[in-house]
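Step one of this worksheet: look at the structure below.
Fair warning: this is a prediction, and the values are worked out from it, not measured in the lab.
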Amino acid sequence: MSATLRRCLDHVASRRLRAASSGRPALVLRPRHWWLAGVGALLAVIAAAAFVQHYTFVDTRIYYGAVRSWIGGNPLYAYAAPGTGLGFTYPPFAALIMAPFAWIPDGVMGWGSLLVSVAALTFVLAIVLRPVADRHGWSRGRTLAIALPVAVLSEPVRQTLGMGQVDLVLFALIAADLLALRRSARAERAAADPVPAGNAVVRRWRAGTWAGVGIGLAAAFKLTPALFIVYLLVTGQRRAARTAIVTAAAATLVTAVLVPRTTVQYFGAALWQTDRVGRTDVSENQSLAGLLARLTDTPHAPAAAWALVALAALVLGLARARQAHLNGDELAAFTLVGLTAGLVSPVSWTHHLMFLLPALVILADTAWHRRLAGEPTRIPELRLVAAGVVLLLTIASPFWFVLHRLPLTSHYADGWLGVVAENAITLLLVALVAALPHRLGMDLGSRGPSALPPPAQLIDARDGG
């Protein structure tokens, strides 16, 4: 641990001791607060129902149409959905997971996936918001109840729910590893605090031993989360990295044994055919490749330019994630990795960009904390404005107002204002990867009694930027 971070945590401990001795009541989450979260979830489902009317679970119908065709003896990656021509793009492990549900009608499966996705979103928000609520003295249940409907209105979530996508479930798997890493670090820093007795699996979960399983499963289901394995290696979290690699490899090998021909088809051909998911320049693709294709007004990005820009974004994102990890803000580190993955992937539909949500939380938290601390600079106000801009862009998604389709309409048809609007989410991702703040000791200083003295309210020493 760096000397700076150690001094930060010592300062946190002294502030918490003073808070505890001041007679202020400790922050306690009472069960009666959770009914508010239930109300928030209900409002979220009602809002999601409106999205379904527009998107009609289109991706659910494509996925399960492909899986049913595959079960019927046809090649999985040869399927083309009627009307769209789109097919199955995930690894064969995903098809195996979906196969047991193929007999369920599309509509029922779509609504089932919607409810599971809302539950997954609730789980993620609870993980992300808990330390923030604790250090500001807010009720966890009330904070979650407010955040959930707002999150459902965001572009990534509403597209996931309306299309019947799986991104929120993968988001939850990755967030579970974030929670496990927090618990693992807590156990390492407080070895004298025994893990409660009970079932061996439960004990391992509470100690964070299973960190990496969620990332491994997500990477086997969809390749993009594999960047989190690279992050674990870069930050020296070797046990979690090994667990993630073994999990992903085991899932892939089992799939190869069960369906060898389909596995060869995917890794030998389908994986490299990026045009199977559509042209790169379409407005909904908010990756760097999409940005370059639209700027050059061509269907696909120039290969050399994209490789250079993507490599630069990858190095910057991983370097900043590593620094956030070293400074004790694992949430910011995970968020930077997730945002970077969205940038460097050849195709990033907006329902892939779930890490915009924790980025918004981090910006709002740092701004609010610095404002409460009475910082004399304009940084708190600027970060509040930045949080507002992120929220506005994530909900409004300006590209929907300036959709262009080559060769019918040039991406410059609406002038430079239209160019900015069409690429607004990509530019936002670039700005966040370059400038998202991290908070010194945030996760290390918010792990409760075993890490630091019992809190009345968690206040960290300062925020790192």
Side-chain angles (χ1 to χ4, degrees), residues 29 33-55 57 59-60 97 109-133 138-180 182 214-215 217-218 221-222 224-225 228 331 334-335 337-339 341-342 348-365 387 390-391 393-395 397 425:
L29 177 64
H33 290 157
W34 284 99
W35 72 269
L36 288 170
V39 172
L42 178 60
L43 291 175
V45 172
I46 292 173
F51 307 144
V52 172
Q53 297 300 316
H54 177 71
Y55 294 111
F57 297 132
D59 284 349
T60 295
I97 298 298
M109 193 62 218
W111 282 105
S113 69
L114 185 147
L115 294 175
V116 170
S117 293
V118 170
L121 176 62
T122 305
F123 171 72
V124 172
L125 290 177
I127 292 173
V128 169
L129 293 172
R130 175 176 174 173
V132 176
W138 302 335
S139 161
R140 296 172 187 168
R142 291 173 186 169
T143 304
L144 183 60
I146 293 170
L148 184 58
V150 175
V152 168
L153 292 175
S154 68
E155 170 75 12
V157 175
R158 66 177 182 242
Q159 281 233 342
T160 295
L161 298 179
M163 291 183 170
Q165 269 285 350
V166 297
D167 296 276
L168 279 168
V169 175
L170 302 181
F171 193 29
L173 287 172
I174 295 170
D177 275 356
L178 169 63
L179 178 61
R182 285 175 176 172
I215 290 172
L217 289 174
F221 198 100
K222 183 178 180 180
T224 307
F228 285 90
L331 173 60
F334 266 56
T335 301
V337 175
L339 296 172
S348 291
W349 307 127
T350 50
H351 57 78
H352 296 165
L353 306 178
M354 291 297 170
F355 280 90
L356 285 171
L357 299 179
L360 174 61
V361 171
I362 291 168
L363 283 171
D365 176 42
V390 173
L391 178 61
L393 291 177
T394 305
I395 291 178
S397 298
I425 302 298

- Task: Show the numbers, then the answer: is there a side-chain contact (heavy atoms from CB on, under 4.5 Å) between Val132 and Val361?
- Result: CA-CA 8 Å; Val132 176; Val361 171; 4.1 Å; yes
Side chain to side chain contact (heavy atoms under 4.5 Å, CB included) with [X]: which residues, sequence neighbours excluded?
{"X": "Leu391", "result": "Val150, Leu360, Ile395"}
{"X": "Leu393", "result": "Val389, Pro398, Ala424, Ile425, Leu428"}
{"X": "Ser397", "result": "Glu155, Arg158, Phe399, Trp400"}
{"X": "Ala341", "result": "Thr224, Leu227"}

- Can you check whether Met354 reaches Val124 side chain to side chain, under 4.5 Å on heavy atoms? no
Please report the closest heavy-atom contact between [X] and [Y], naming both atoms and the distance.
{"X": "Ala364", "Y": "Ala387", "value": "N-CB, 4.0 Å"}
{"X": "Ile127", "Y": "Ala175", "value": "CD1-O, 3.5 Å"}
{"X": "Ala147", "Y": "Leu129", "value": "CB-CD1, 3.5 Å"}
{"X": "Ala151", "Y": "Leu121", "value": "CB-CD2, 4.1 Å"}

- Before giving the answer on side-chain contact (heavy atoms from CB on, under 4.5 Å), spell out for Leu357 and Val128 the whole-Å C-alpha distance, their side-chain angles and the decisive distance to 0.1 Å. CA-CA 9 Å; Leu357 299 179; Val128 169; over 6 Å; no
- Item | Within residues 162-175 or reaching into it, pairs that qualify as salt bridge (charged side-chain N to carboxylate O under 4.0 Å, His left out) - sequence neighbours excluded |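 Residue pairs with at least one partner in residues 162-175: Asp167-Lys222.
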- salt bridge (charged side-chain N to carboxylate O under 4.0 Å, His left out): which pairs involve residues 114-123, sequence neighbours left out?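 Every candidate salt bridge (charged side-chain N to carboxylate O under 4.0 Å, His left out) pair involving residues 114-123 fails, so no pair, neighbours aside, qualifies.
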- Spacing of Leu331 atom CG and Leu179 atom CG [to the nearest 0.5 Å]: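 So the gap between those two atoms works out to 11.5 Å.
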- Note on the structure: Output for pair (Leu356 CG, Ser154 OG), nearest 0.5 Å, gives 8.0 Å
- Step by step, would you call Leu115 with Trp111 a side-chain contact (heavy atoms from CB on, under 4.5 Å)? CA-CA 6 Å; Leu115 294 175; Trp111 282 105; 5.7 Å; no
- Keeping the roles fixed (side chain from Asp177, backbone from Gly214), state whether a donor-acceptor pair exists under 3.5 Å.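 Checked: pair present.
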- Matching residue for Gln165 among Thr60, Thr160, Leu170, Val157 - test: side-chain contact (heavy atoms from CB on, under 4.5 Å):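 So, applying the side-chain contact (heavy atoms from CB on, under 4.5 Å) to Gln165 and each of Thr60, Thr160, Leu170, Val157, only Thr160 qualifies.
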- Item | ring-ring contact (aromatic ring centres under 6.0 Å, His included) involving Phe334 - partner list, sequence neighbours excluded |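 Testing Phe334 for ring-ring contact (aromatic ring centres under 6.0 Å, His included), a comparison that skips the adjacent residues, returns Phe228, Tyr231.
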- So which pairs with a foot in residues 139-176 pass ring-ring contact (aromatic ring centres under 6.0 Å, His included), sequence neighbours left out?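 Passing the test, one end in residues 139-176: Phe171-Phe355.
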